[in-house]
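Notes follow the structure.
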There are 2 protein chains.
Amino acid sequence: MSVQPQRAARPTLEDVAERAGVSRATASRVLNSSPRVSPEAHEAVTAAVVELGYTPNHAARSLVTRRTDAVAVVFSEPEPKIFDDPHFGQLIRAAARALAAADVQMVLMLVHSPEDQARAERFLAGGHVDGALLFAPHKGDQLPSVARKLPLPVVYAGRPWGPLRGLHLVDNDNIGGAVVATEHLLSLGRKKIVSVTGTVDEYSSIDRVEGWRTAVGADEAETALMTESGNFDREGGKRAMAALLDRVPDLDAAFVASDLMAAGALDALREAGKRVPEDVAVVGFDDHPLIAPHTEPPLTTIKQDSNDQVAHMVTHLLRLLRDEPVRARREVLPTILVRRQST
Amino acid sequence: MSVQPQRAARPTLEDVAERAGVSRATASRVLNSSPRVSPEAHEAVTAAVVELGYTPNHAARSLVTRRTDAVAVVFSEPEPKIFDDPHFGQLIRAAARALAAADVQMVLMLVHSPEDQARAERFLAGGHVDGALLFAPHKGDQLPSVARKLPLPVVYAGRPWGPLRGLHLVDNDNIGGAVVATEHLLSLGRKKIVSVTGTVDEYSSIDRVEGWRTAVGADEAETALMTESGNFDREGGKRAMAALLDRVPDLDAAFVASDLMAAGALDALREAGKRVPEDVAVVGFDDHPLIAPHTEPPLTTIKQDSNDQVAHMVTHLLRLLRDEPVRARREVLPTILVRRQST
DNA sequence: GCGAACTGTGGGAGCGCTCCCGAGCGGGGC
DNA sequence: GCCCCGCTCGGGAGCGCTCCCACAGTTCGC
């Protein structure tokens, strides 16, 4: 006679029905708040649920409804370092909050290796989730093209590479933000405004250069002269700023495409003996809470609201899941200038 | 005659079996790599799986196996600000990596409101996951006591409040790290070593004070005089340092219980005209990648390897899930001193 | 040389749920 | 007074999978 492990047998809907003196079907109706149930039945079932501590078996429900009430949140980044960025934490937090509010579970996937990607593909194709939020900004990333073939609603953060036809996405107004930043510098009377750019494999970076170019009216030759990539990291920002000081000694302002790079740029300016903002005014991008307010001097920057972006993505995805109409396939969210002491 | 929406009917195991010319049972055996299958059958099934692009229906499998192959990763923080901390990003990333390697899905839950907690409770009790990793360091948090009643393996990060009996946890050696930090300062000949502490509602903070107290041999009165809480944020670190400078004007070293607070403490020291490390040597805690190397001067600090901690938690949990023996219910991971220019 | 053990396989039950369909019942219209 | 409609409810099928059990065929021991 062996001792059964007997992990506390959870009550089933059958048990609830029996206790409530109704059929399984009626009990199910109550749980799914179907309208065609008498008040007495409703009450009896509700009471039985509480008494038995019943929780529906998700697998069984999912098997028949073909819904999982879960969505995947996928971050695809060739360089895993991005995951240390607090921006990433903000995005996750925003997603968690918005999905929790809709009582949808969040399955997080971080992909940076080809194996991760294969796993993600299998997972998304495997019907484990009803939809996905996809963060895959980098050129050459295969995931978006794989994802678009999936019979699964996907909402993208920003514009992925490849054809956009038919994609649902929520972007930040990077161009507009860069224009505002640059015009702010122009309005301060600055004449020689350079730009430290990000990596050319992300649209967010490309758009920011584009906004700067439009605002200053630079042609191709000027653009080549007046911009330098800082690779979206602090060291890169410093290097880029140093190179620009070398090439354009009389520069009097810089639009730097991220706060992290701007912190590096400020280091370079300090080392070159330039005063900020007197000699050189600097505007960053992101309004990074751990960086922008704490640089020397505190950084004027463009704030993009990640919370808002993710909230929009979630709303959009939920509408798709519920077959509700979406206002537009693509949404572009505004960015705003936050002025501090670097301008 | 209505048009069926007909979402691409996924092949079932039945289809695979038919195509391979075997029974459903044999096909299932192949998929679950059961040993008792002939090579021919194995090959036929494998081929059929590829040809049909079959992926197992997770809900059906889960219904009968009572496993979900998913675990919850729960962060319980009354103050949601913590989620902006890059430390948080590192933990998530480490968890994602370790769980992905085991082909276990990660369901992320961020709880800070009572509703979040109720949701988390329901979710954990609902059999949606096989186990959970729980980060709930704060005193008064109800989640740990709820979780311990759940028929669900849980591994804790650090020591939660309440009885530890029977809990599985992986902690960092906060006491040891603080001792090493303080002894480092003593070895430099420092005599008046103060400490900026964290919040009293976390064991990590309490342990760090304790380590400092042990190393300097302070009694209760001295401890009250020589320590000040910085509330684990930058402003608090600054305030605490200023208060300590006031109370102990001849202090010549400080052990600060987090890098973020240490950054604030350095601000306070600078404003007070103290040179670091000449007048006051400072040691932080965390080795925060965005802070420690970039303070002025760069910060000597205690590194705790979050990756390692989470990896241990995952390994521990997986062993529990597989009914394998665990070495010890509680693991304590070492911390190491990273020396930079602030000492 | 014959029963026992072992190996590969298929049939079938059943996991817990939803949903279709039809039964039962009461009330209103003619 | 009868029929029909609307409302609530129960029976039963079936979602796709795993796993128990039985069975046929082979090999081994004495």
Side-chain angles (χ1 to χ4, degrees), chain A residues 2 4-46 48-49 52-70 125-128 130, chain B residues 2 4-46 48-49 52-70 125-128 130:
Chain A
S2 71
Q4 279 292 90
Q6 185 87 11
R7 54 175 61 202
R10 285 174 48 188
T12 73
L13 191 54
E14 193 81 52
D15 301 330
V16 172
E18 193 184 352
R19 176 143 195 151
V22 299
S23 73
R24 207 177 54 247
T26 298
S28 172
R29 274 186 273 265
V30 172
L31 265 91
N32 294 287
S33 42
S34 149
R36 316 223 160 290
V37 180
S38 67
E40 303 83 57
H42 185 97
E43 197 176 335
V45 172
T46 310
V49 164
L52 297 175
Y54 170 78
T55 27
N57 181 311
H58 181 249
R61 173 176 285 176
S62 176
L63 179 58
V64 38
T65 59
R66 278 126 203 292
R67 281 183 299 101
T68 63
D69 293 318
H128 301 245
D130 297 335
Chain B
S2 70
Q4 280 291 88
Q6 186 85 14
R7 54 176 61 202
R10 285 174 49 187
T12 72
L13 191 55
E14 192 81 54
D15 300 330
V16 171
E18 193 184 351
R19 176 142 194 150
V22 300
S23 73
R24 207 178 53 249
T26 299
S28 171
R29 275 186 274 263
V30 172
L31 265 93
N32 295 288
S33 42
S34 147
R36 314 220 163 293
V37 180
S38 69
E40 303 82 57
H42 185 97
E43 197 176 334
V45 171
T46 310
V49 164
L52 297 176
Y54 170 79
T55 26
N57 181 311
H58 180 249
R61 173 176 285 177
S62 175
L63 179 57
V64 39
T65 59
R66 278 129 201 293
R67 280 183 298 104
T68 63
D69 293 318
H128 301 246
D130 298 336

Please find the pair of heavy atoms, one from [X] and one from [Y], that lie closest to each other, and give the distance.
X	Y	answer
B/Arg24	B/Leu13	O-CD2, 3.9 Å
B/Thr46	B/His42	OG1-O, 2.6 Å
A/Arg61	A/Leu31	NH2-CD2, 4.2 Å
A/Tyr54	A/Thr12	CE1-C, 3.5 Å
A/Ala48	A/Arg19	CB-CG, 3.8 Å

Rounded off to whole Å, could you give me the [atom1]-to-[atom2] distance for the [X] and [N] pair?
X	N	atom1	atom2	answer
B/His58	D/dC17	NE2	C1'	12 Å
B/Leu63	C/dA13	CG	P	17 Å
B/Leu31	D/dG16	CG	P	15 Å
A/Asn57	C/dG16	CG	C1'	5 Å
A/Arg67	C/dC17	CZ	P	14 Å
A/Leu13	C/dC19	CG	C1'	13 Å
A/Glu18	D/dG10	CD	C1'	15 Å
B/Arg24	C/dA13	CZ	P	11 Å

Among B/Thr26, B/Asn32, B/Val30, exactly one meets side chain to side chain contact (heavy atoms under 4.5 Å, CB included) together with B/Ser28. Which residue is that?
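It is B/Asn32, the one option of B/Thr26, B/Asn32, B/Val30 that forms the side chain to side chain contact (heavy atoms under 4.5 Å, CB included) with B/Ser28.
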
Look at the side-chain N and O atoms of B/Asn32 and state whether any lies under 4.0 Å from the OP1 or OP2 oxygen of D/dT18.
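Yes, within the criterion.
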
Any A/Thr65 side-chain N or O less than 4.0 Å from OP1/OP2 of C/dT18:
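Negative; the distance criterion is not met.
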
When you compare the protein's N or O atoms with those of nucleotides 5-9 of chain D, which come within less than 3.5 Å of each other, and at what distance?
residue : atom : partner : partner atom : Å
D/dC9   : OP1  : A/Ser38 : OG           : 2.5
D/dC9   : OP2  : A/Ser38 : N            : 2.9
D/dC9   : OP2  : A/Ser38 : OG           : 3.4

Of all the choices, D/dT18, C/dC17, C/dG10, which nucleotide is nearest to the side chain of B/Val64 once you look at every atom?
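The closest nucleotide is D/dT18.
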
Looking at the side chain of B/Ala25, which of C/dT18, C/dG16, C/dG10 is the nearest nucleotide?
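Selected nucleotide (nearest to the side chain): C/dG10.
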
Just how far is it from atom NE2 of A/His128 to atom CG of B/Asn57, taken to the nearest 0.5 Å?
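Rounded to the nearest 0.5 Å, the NE2-CG separation comes to 8.5 Å.
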
